[in-house]
Amino acid sequence: MLKIYNTLTREKEEFQPIQKNKVGMYVCGPTVYNYIHIGNARSTVAFDTVRRYLEYRGYDVNFVSNFTDVDDKIIRAAKELGISAKEVAEKFIAAFYEDTAALHVEKATLNPRVMENIPDIIAFIGDLIDKGYAYEADGDVYYRTGKFKDYGKLSDQSIKDLIVGASERLDAEENVKKEDQLDLALWKAAKSDEVSWESPWGPGRPGWHIECSVMATKYLGDTIDIHGGGHDLTFPHHENEIAQSEGKTGKTFANYWMHNGFVTIGETAEKMSKSLGNFVTVHDILKEVDAQVLRFFLGTAHYRRPVKYSDKAIEEAKINLEKVKIAYQNAHYRLQDAAAALPEDAEKLALFQNLQQQFVTEMDDDFQADNAMSIVYQFAKELNIYAECEAVSAAVITEALALYK
C-alpha cells in the first residue's frame, strides 16, 4: 500500500488516484534564465524518482512540468545578453534538456511554456474577475486573497502572519494599487522595454503564480492527483496556485502536495540558491563529476530531507554506486557459464525475492529511497556471494538480475 506525505494535511496518506492505475502529476519547473543549479536538479531528480517508482508499481503517469519563459529575471538576462526574452528561454531550455538527459531523467509527458499559453491565462484571469476573485487596477490585475477563505492552509500560516510577511516583500507603489497588501498579481501592465501581450486590461504579461494554475488545470484537469515542487515553493507560489485554481473551479486543486528538501552547501549547511549566489550549476559540475554519480547522490536520499553537497558526499556516492554496478556486472559475467540445467536454488531465490519485497515496502512508505538503498546494498552483497559459488543456476541469476533492475 503506497503512502505519500501530504504537505496539505501534514500526514502520510494512502495514495488513491482519481482514475484507477493512472496518475496526473504536475511539478513546477525552472525559470529558464540560466543553467540549472544542483538545487534545481535535486527537485528534478526527486520527482523523476517518484514518477519512475509509480510506473514501476504499474501506474500510467501523465507527468507535466512547466518552463517559466516570461519573468523579470529572464527580461534582465535578455537585456544583459542583448537578445530577446524568447531567445534567452530557448537557450536555457535546451541546456535543461541536455543536463537532465545526462542525469538520466525521463522526459516529461509535456513541458508547457508560458508564452504558448497566454490566451488561456487571459481567459483564466477573466473568469476570476467575473467571479469577484480578481480586479483590475491601472492595467494590473490582482487576486483578492481575502475572498478565498482557506488562504494559508497549505503553508499552515495565519492571515495575520501572512500580511506581515507581505508588507516586507512589497514596494510602496504596488501597495497603493492593491485593495489589500496580501493580494497577488495575476497580470502586470507592460513597461516600454518589456515583452507584452494584448489583453482586456491593456498590454502586459502574466504574474508568476497564475501560469501554473492555468497549465496544471489545462493539461491535467480541474483536480490533479499530485502536485510537487521544492519546499521553498510551498509559500507563496503553491499557496497562491490553490487560491487561484480553487477560486475559479470551486474544486480541490490537488489531492496530494509533495515538496522536496533543499541542497545545502558549506560548513553552515546554507541553502543553495541563485539568489544567495552560492550555487553550482549542473553544467559545470558535469565537467568534473560523472553524471551517474551525481544522479546517485541526489536520488538516494529521501526526497523530503535536505542533502549536503560536498566533495566528500560525491566521493561516497561514487563508491556506493560502484558497489552496486560491480555486483550487477559480476552476476552478468557468471551468467555466461551458469548451468542452465542446474536446479533452482529455492532458498537463494526466496532471499532475493524477499529483499525485493523489502525494497518495495520502503518505497511504498513515502518513497523512502535512503532505506530502500540499504536493501539494494544487501541485495548486491548477496548477489556477489552467489556469483562466487562454484556452480550457479542460470535461472536464479536471471531472476535476480530482473529483480535487481
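Along the sequence shown, residues are numbered consecutively beginning with 1. What's counted below: heavy atoms across the whole structure, side chains too, no hydrogens, waters or symmetry copies.
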- prompt: Is the distance between the ring centroids of F379 and F352 under 6.0 Å?
  reply: yes
- request: Any pair with a residue in residues 81-92 that passes salt bridge (Lys or Arg N to Asp or Glu O under 4.0 Å), sequence neighbours left out, goes on the list, sorted by first then second residue, please.
  value: E90-R113
Basic-acidic side-chain contact under 4.0 Å: K251, D222: yes
field: Any pair counted as ring-ring contact (aromatic ring centres under 6.0 Å, His included), so long as it reaches residues 181-200, sequence neighbours left out
entry: W187-W201
Ionic contact status for K177 with D140, cut-off 4.0 Å: yes
message: Can you tell whether the side chains of R76 and D72 come within less than 4.0 Å, N to carboxylate O?
response: no
- prompt: What pairs with A134 under side chain to side chain contact (heavy atoms under 4.5 Å, CB included), at least two apart in sequence or on another chain?
  reply: L128, I129, V141, L186
- request: Could you go through the salt bridge (charged side-chain N to carboxylate O under 4.0 Å, His left out) check for E382 and K348 one step at a time?
  value: CA-CA 9 Å; E382 295 294 341; K348 184 61 70 173; 3.5 Å; yes
- line: The side chain to side chain contact (heavy atoms under 4.5 Å, CB included) partners of S310 (sequence neighbours excluded) come to K312, A313
Donor-acceptor pair, side chain of D156 and main chain of K153, under 3.5 angstrom: no
field: Nearest-0.5 Å distance that lies between atom OG1 in T234 and atom CG in L154
entry: 5.5 Å
query: Do H231 and F262 make the cut of ring centroids closer than 6.0 angstrom?
result: yes
task: Show your working on side-chain contact (heavy atoms from CB on, under 4.5 Å) between Y142 and L184 and close with a plain yes or no.
output: CA-CA 5 Å; Y142 295 101; L184 60 109; over 6 Å; no
- line: For K107, the side-chain hydrogen bond (donor to acceptor under 3.5 Å, both in side chains) test, sequence neighbours excluded, returns none
message: Applying side chain to side chain contact (heavy atoms under 4.5 Å, CB included), can you list everything that pairs with D284, at least two apart in sequence or on another chain?
response: T281, K287
- prompt: Is the side chain of Y151 donor-acceptor paired with the backbone N or O of L182 at a distance under 3.5 Å, no angle test?
  reply: no
- request: Please confirm whether the backbone N or O of M215 pairs with a side-chain atom of Y26, one donor and one acceptor, at under 3.5 Å?
  value: no
Presence of salt bridge, R295 and D48, under 4.0 angstrom: yes
statement: Sorted by chain and number, sequence neighbours left out, side-chain hydrogen bond (donor to acceptor under 3.5 Å, both in side chains) with S213 holds for Q244, S245
query: Hey, would you say the H209 and H238 ring centroids sit under 6.0 Å apart?
result: no
statement: By side-chain hydrogen bond (donor to acceptor under 3.5 Å, both in side chains), E179 pairs with (sequence neighbours left out) R144
field: Among N117, T109, N62, side chain to side chain donor-acceptor pair (under 3.5 Å) partner for Y219
entry: N117
query: Does A331 have any side chain to side chain contact (heavy atoms under 4.5 Å, CB included) partners at least two apart in sequence or in another chain, and if so, which?
result: L383, I397, L401
Could you pull out all donor-acceptor pairs under 3.5 Å where a side-chain atom in residues 367-376 meets a protein atom, sequence neighbours excluded?
| residue | atom | partner | partner atom | Å |
| --- | --- | --- | --- | --- |
| D370 | OD2 | R305 | NH1 | 2.4 |
| N371 | ND2 | E362 | OE1 | 3.3 |
| S374 | OG | N371 | O | 2.5 |

T252 to T223 - nearest heavy-atom pair and separation: O-OG1, 2.5 Å
- request: Looking only at non-hydrogen atoms, find the nearest pair between L298 and R42 and report the distance.
  value: O-NE, 3.7 Å
- prompt: Could you give all pairs that pass the salt bridge (Lys or Arg N to Asp or Glu O under 4.0 Å) test and reach residues 11-31, with sequence neighbours left out?
  reply: K12-D365, K22-D60
- prompt: In chain order, what residues pass the salt bridge (charged side-chain N to carboxylate O under 4.0 Å, His left out) check against E194, with sequence neighbours excluded?
  reply: R205
message: Are F15 and Y59, when compared by the centres of their aromatic rings, separated by less than 6.0 Å?
response: yes
- prompt: Within 45° of the axis and under 6.0 Å from the centre of the six-membered ring of F124, does NZ or CZ of K248 qualify?
  reply: yes
query: Tell me, do F67 and V114 make a side-chain contact under 4.5 Å, heavy atoms counted?
result: no
